[in-house]
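Predicted, not measured: the structure shown is a model, and the values here were computed from it. In what follows, every heavy atom counts, from backbone to side chain, and hydrogens, waters and symmetry copies are set aside.
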Amino acid sequence: MRTGTIGQPTAHGPGQAADMNNDHTPHSTEPPAGDARQTRNRTRHMQLISEAMARSQIHERIREAESQRLAQRLATAGRLERRSRRLHRRAEAASQRARRALARAVMQ
């Protein structure tokens, strides 16, 4: 039995050469080569669509994670800045108290 190629499929029996462009026949065990190629292309296309969607979702998650990290860094920086200012004010107040205490000790 001679097998055909994708470009030149062979007929599956006598009198079927004219029916090569017809849909899948019920007594045939495999679809004509053109249908197989189309099915493979469709399957590959669907897989590529799935991969593209997965890539897109991963990219979106990465951007979201980076955005959350940036927001967290900004919030942390704000807290540290407020804390730094508060500690600076406390240090200034302690320094002022020490100066006053020293001035009182010298005056007595």
T76 (side chain) donor-acceptor with Q72 (main chain) under 3.5 angstrom: yes
Looking at CZ of R55 and CG of L48, how far apart are the two atoms once the value is rounded to the nearest 0.5 Å? 8.0 Å
Going through the checks in order, is the salt bridge (charged side-chain N to carboxylate O under 4.0 Å, His left out) test met by R63 and E66? CA-CA 5 Å; R63 282 195 307 148; E66 288 173 352; over 6 Å; no
Pairwise distance CD(Q68) to CG(L70) - rounded to 0.5 angstrom: 11.0 Å
Would you call R61 and E64 a salt bridge, taking side-chain N to carboxylate O under 4.0 Å as the test? no
Heavy atoms, side chains only, cut-off 4.5 Å: are Q47 and T43 in contact? yes
Short side-chain to backbone donor-acceptor contact, S50 and M46, under 3.5 Å: yes
What distance separates M107 CE from L102 CG, expressed to the nearest 0.5 Å? 10.5 Å
Pairs touching residues 93-104 that satisfy side-chain hydrogen bond (donor to acceptor under 3.5 Å, both in side chains), sequence neighbours left out: S95-R99, Q96-R99
side-chain contact (heavy atoms from CB on, under 4.5 Å), that's the test. Do R82 and R79 meet it? Break it down for me. CA-CA 5 Å; R82 287 190 297 274; R79 281 194 307 270; 3.3 Å; yes
Between CE of M53 and CD1 of I58, what distance do you get to the nearest 0.5 Å? 12.0 Å
